[in-house]
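Notes follow once the structure below has been shown.
From a predicted model like this one, the values you see are computed outputs, not experimental measurements. Keep in mind that the numbers below use all heavy atoms, side chains included, and drop hydrogens, waters and symmetry copies. Counting starts at 1 for both ligands and their atoms, following the listed order.
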Amino acid sequence: MAGNRNVNIIVVGSGIAGIAAAHRLVNSGFSNVHILEATGRSGGRIKTARLGDKIIEIGANWIHGPSEENPVFCLARHYGLLDPAALTQENQAFDLGGEAPWVTNIFSSSGRKLNEKDIYPALEMFTVLLNESTQFQNQLGEPYASVGDFIRSEVRQRCVEKWKDIDSATRSLQLCTISGMLKRECCVNGSHSLDEVGLGAFGQYKTFPGLDCTFPGGYEGLIAHLMSELPDDIVKYNRPVRSIYWSNTEKQNSVTVQCEDGERFNADHVIVTVSLGYLKRHLSRLFHPPLPLHKLHSVQRLGFGTNNKIFAEFDEPWWDADCDVIQLVWEDEDGLVDQVPDVKSSWIKKLFGFTVLKPAERYGHLLCGWIAGHESEYMETLPEPEVMDAVTKLVRRFTGNPSITPRRILRSQWFHDPWTNGSYSYLAKGCSQQDLENMMEPLPPSASKGRPLQVLFAGEATHLYYFSTVHGALLSGWREAERLISHFSSNNSSRRRMSKL
Ligand code: 6YU
């Protein structure tokens, strides 16, 4: 690689994808690698914070599928960042396709604590339908317009036969429970509604075995370890990139990157890792000339939505000691709804429930509420006391206990983060694997074979199977670094072959 030492590579964005790309390049002998980062920190959507003395995650929470194939798990294990329980073979072998065996406490809007068996018919039907939603991938055409449309239509049809012996109040409770599960799925997908999630490509997302685990010292530990293996000055912070000038003609092969303050950098290669949300919002001024149409349409077609957290700390738990998840069932929602009728007055109804931060010795009595969609985006605009008030009323109503008050709360605001513009990507209606392939295609496009690679694309929304995750983002960074490494090694070996002639 010695001949390529001076190849000048700029990575835009110091999230996990950008860091992974730079890490692989530097370790492969490229020494002229720089990262331009808009903010004053590395990590992007990996963001650890504190609530009092408790470590909390504002962004990514879990290693999804912590097992040998998952590079985030392997790195976290290598750096000693995980609890012993997460390292066991038993934990790694656990395979439920991304569904964890969580102990759930269920509360209803009339202040009743329900048993799991009260809502079992709904849980069973929803699980079956969610699984069936992933089976349309290689079929000709899609029988329904979206995942939401499929689930709603099938529930309405199947409940007639399956629940024919159930009384009307119990049946209504099942339908209300399914509304809650639709809202939960909006959080998983990062979409406003499941009506926006494409059915044909729903099976595109793949999982690893392993029971999801967290970083006891914070996800940012992974970032810190990777950064410590890079040159100190590799990241130029507070350098938002405004425009990238590439060339569609034979005349010029280098790329110019212009920052918001006007500063310009020339590079042989640029790896862009900004979020899909940022790309969507700033597409027209980011690339000169504009992206080829097929790539531009994929940026527009793919979904990028909001999923936020509201952490709430309590003096005493109002959930069981073994509880992992608190599920809320609104008893006026038998219409299979995943959106609220009036965002301003009832946004809090979109919050499907809470996860319990464990173990209690580490976190005390700390919950993380989950809320997706436009309701979540509206929540971000409210003053914190107003969010606190809404959470307090919600908890009092569902527990029937008028004196419960959170000690404090803290919420994420990903939609209004100007460098992310939302949480993560999903395959929206009309999307297919081709859109993800278009996302990762370098510039100039593959049609211009033989032309040097100018702009490469990494980031979670460019991974074919693991989009929306940290491991997808990490793998995409490595993939683009490898693209450059193999580009140079094939050029070097053809040069070596030429010199032997
Ligand atoms: C995971 C999890 N997790 C919760 C929440 C969020 C996300 N994810 P980055 O944005 O990080 O980096 C880009 C950088 O570029 C950044 O630093 C910017 O400042 C910078 N930048 C932008 N513009 C710039 C400019 N102009 N110039 C210079 N710099 C610029 N993933 O594995 N486990 O538990 C969660 C969760 C609230 C917000 C998550 C989770 C997603 C990851 O956080 C995310 O993918 C990566 O961090 C992205 O890294 P990156 O480098 O690409 O971008 C069927 C089906 C369903 C499919 N979905 C399944 C669900 C899986 C997702 N689950 C998520 C759940 C949670 C809770």
Check: Glu220 and Lys47 side chains under 4.5 Å, non-hydrogen atoms: yes
Cation-pi geometry met for Arg264 and Tyr245 (6.0 Å, 45°): yes
Residues in contact with ligand 1, criterion: heavy atom under 4.0 Å: Val12, Gly13, Ser14, Gly15, Ile16, Ala17, Leu36, Glu37, Ala38, Thr39, Gly43, Gly44, Arg45, Ile46, Ile58, Gly59, Ala60, Asn61, Trp62, His64, Val188, Asn189, Phe202, Tyr205, Arg239, Pro240, Val241, Thr273, Val274, Tyr278, Asn307, Trp370, Trp414, Trp419, Ser423, Tyr424, Gly459, Glu460, Ser468, Thr469, Val470, Ala473
Reference residue Glu132; test side-chain contact (heavy atoms from CB on, under 4.5 Å); the match among Thr134, Leu130, Leu129: Leu129
Validation row: Val299, Phe457 side chains within 4.5 angstrom (heavy atoms): no
Which residues share a side-chain hydrogen bond (donor to acceptor under 3.5 Å, both in side chains) with Asn189, sequence neighbours left out: Glu185
Aromatic plane relationship, Phe150 with Phe136 - under 30° parallel, 30 to 60° tilted, over 60° perpendicular: perpendicular
